[in-house]
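Read the structure below first, then the notes.
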Amino acid sequence: MLHEFARPERCVVGTVGEPGNRLFIIQVSERSTLVSVAVEKVAVETLSRRVLEILEQLESLGHIGPGPDAAQDMGPLDAPLEVAFRAGAIGLAWDAGRSALQLELFSFEVGESDDESPSSMVQVWLTPRQAREFALRARQIVAAGRPACPFCGQPVGAEGHICPRSNGYRSPLFL
């Protein structure tokens, strides 16, 4: 199953659930087609960083102009929210012919022969402006989760945090 979005109207990262138990979703829409793909938080974080790095390199080479400094679209995910698949691999490339960033999301499922093979794919071409807005929103979505412990970097939940760097001492600052 291939979903191709040559001129997406919207491509955003969103979440469902409470911090600490969130499902991260990349959602793409074009005309009447809406596809949602579940992704790991670390993949969203890495993807947003890499998109911004690529755009910065293209800008320094004079291939594209500067883009927005903040995400413009911070609205909720579109309904109906039906996850098509969970991304097993993500591809990212600059398509000079289209002057667009190509994002590919692949699902990997174990078949009867125990070989992993892609069974679904979403392919999206984002203009530099769309790509920058996608990455900036993704960065904000990731940052909206649980705060990190300033000592060990692990998430601090509502129930508090026992920091391994303090030999289990639970500071009132983290309760």
Side-chain angles (χ1 to χ4, degrees), residues 1-55 68 70-95 98 100-149 153-159:
M1 175 176 24
L2 169 68
H3 299 282
E4 188 174 354
F5 296 90
R7 291 186 171 88
E9 296 156 6
R10 190 172 193 226
C11 181
V12 297
V13 172
T15 60
V16 176
E18 295 297 317
N21 196 24
R22 297 187 295 173
L23 175 64
F24 285 79
I25 295 171
I26 294 177
Q27 190 176 70
V28 188
S29 64
E30 184 177 349
R31 294 188 214 114
S32 62
T33 305
L34 177 68
V35 176
S36 301
V37 177
V39 292
E40 295 295 323
K41 177 182 178 179
V42 69
V44 171
E45 198 168 25
T46 303
L47 182 61
S48 67
R49 185 179 63 250
R50 188 64 188 129
V51 165
L52 292 172
E53 287 172 357
I54 290 171
L55 294 173
Q72 306 298 312
D73 179 0
M74 290 303 294
L77 294 172
D78 293 327
L81 184 59
E82 297 175 13
V83 175
F85 60 88
R86 178 171 287 282
I90 299 175
L92 188 61
W94 174 250
D95 186 333
R98 292 182 187 221
L101 197 67
Q102 181 181 3
L103 172 63
E104 295 177 330
L105 305 166
F106 301 92
S107 74
F108 282 91
E109 298 175 7
V110 178
E112 289 188 16
S113 63
D114 292 331
D115 293 331
E116 288 191 13
S117 59
S119 60
S120 297
M121 177 180 163
V122 172
Q123 198 169 42
V124 185
W125 282 272
L126 300 169
T127 65
R129 181 176 183 83
Q130 287 175 315
R132 188 177 310 276
E133 286 190 18
F134 170 85
L136 293 172
R137 176 185 167 123
R139 184 182 277 177
Q140 284 183 274
I141 295 292
V142 168
R146 297 177 291 173
C149 172
Q154 292 182 5
V156 178
E159 68 282 350

Once salt bridge (charged side-chain N to carboxylate O under 4.0 Å, His left out) is applied, what residue pairs with a partner in residues 123-140 remain, sequence neighbours excluded?
Glu59-Arg132, Asp73-Arg137, Arg129-Glu133

What's the shortest heavy-atom distance between Ala135 and Val51, and which atoms?
CB-CG1, 3.8 Å

Can you give me the closest heavy-atom contact between Val124 and Cys11, atom names plus distance?
CG1-SG, 4.4 Å

Check each of Ile141, Leu77, Val142, Ile25 against Val13 using the side-chain contact (heavy atoms from CB on, under 4.5 Å) test, and report the only one that passes.
Ile141

Donor-acceptor pairs are to be reported for all side-chain atoms of residues 36-45 against protein atoms at under 3.5 Å, with residues two or more places apart or in another chain.
residue	atom	partner	partner atom	Å
Ser36	OG	Gln27	NE2	3.0
Glu40	OE2	Arg86	NH1	3.0

Can you list the residues that meet the side chain to side chain contact (heavy atoms under 4.5 Å, CB included) rule with Ala89, with sequence neighbours excluded?
Phe106, Phe108

Ile90 and Thr46: CA distance, side-chain angles, deciding distance, side-chain contact (heavy atoms from CB on, under 4.5 Å) verdict
CA-CA 10 Å; Ile90 299 175; Thr46 303; over 6 Å; no

Where is the tightest heavy-atom contact between Pro19 and Ala144, given as atom of each residue plus distance?
CG-O, 4.2 Å

Could you pull out the closest heavy-atom pair between Pro80 and Leu34, with the gap in Å?
O-CD2, 3.6 Å

Ser29 side, atom OG; Glu9 side, atom CD - distance, nearest 0.5 Å
5.5 Å

Apply the side-chain contact (heavy atoms from CB on, under 4.5 Å) test between Glu30 and each candidate in Arg7, His3, Arg10, Glu4; give the one that qualifies.
Arg7

Tell me whether the count of non-hydrogen atoms from other residues, nucleotides or ligands lying under 6.0 Å of CZ in Arg98 goes above 12.
yes

Taken in chain and number order and not counting sequence neighbours, the residues that satisfy side chain to side chain contact (heavy atoms under 4.5 Å, CB included) with Pro128 are Leu55, Ile64, Trp94

Check the pair Leu47, Leu103 against side-chain contact (heavy atoms from CB on, under 4.5 Å), reporting the backbone distance first and the verdict last.
CA-CA 10 Å; Leu47 182 61; Leu103 172 63; 4.0 Å; yes

Evaluate the side-chain contact (heavy atoms from CB on, under 4.5 Å) criterion for residues Phe5 and Val35: first the C-alpha distance (whole Å), next the side-chain angles of each, then the deciding distance (0.1 Å), finally the verdict.
CA-CA 10 Å; Phe5 296 90; Val35 176; 3.7 Å; yes

Under the salt bridge (charged side-chain N to carboxylate O under 4.0 Å, His left out) definition, can you give me all pairs with a residue in residues 14-23, not counting sequence neighbours?
none

Apply the test side-chain contact (heavy atoms from CB on, under 4.5 Å) to residues Trp125 and Gln130: give CA-CA distance (whole Å), side-chain angles for both, the deciding distance (0.1 Å), then the verdict.
CA-CA 9 Å; Trp125 282 272; Gln130 287 175 315; over 6 Å; no

Given side chains that start at C-beta, do those of Thr33 and Val28 come closer than 4.5 Å, heavy atoms only?
no

With sequence neighbours excluded, what pairs up with Arg50 under the side chain to side chain contact (heavy atoms under 4.5 Å, CB included) test?
Glu53, Ile54, Gln57, Leu92

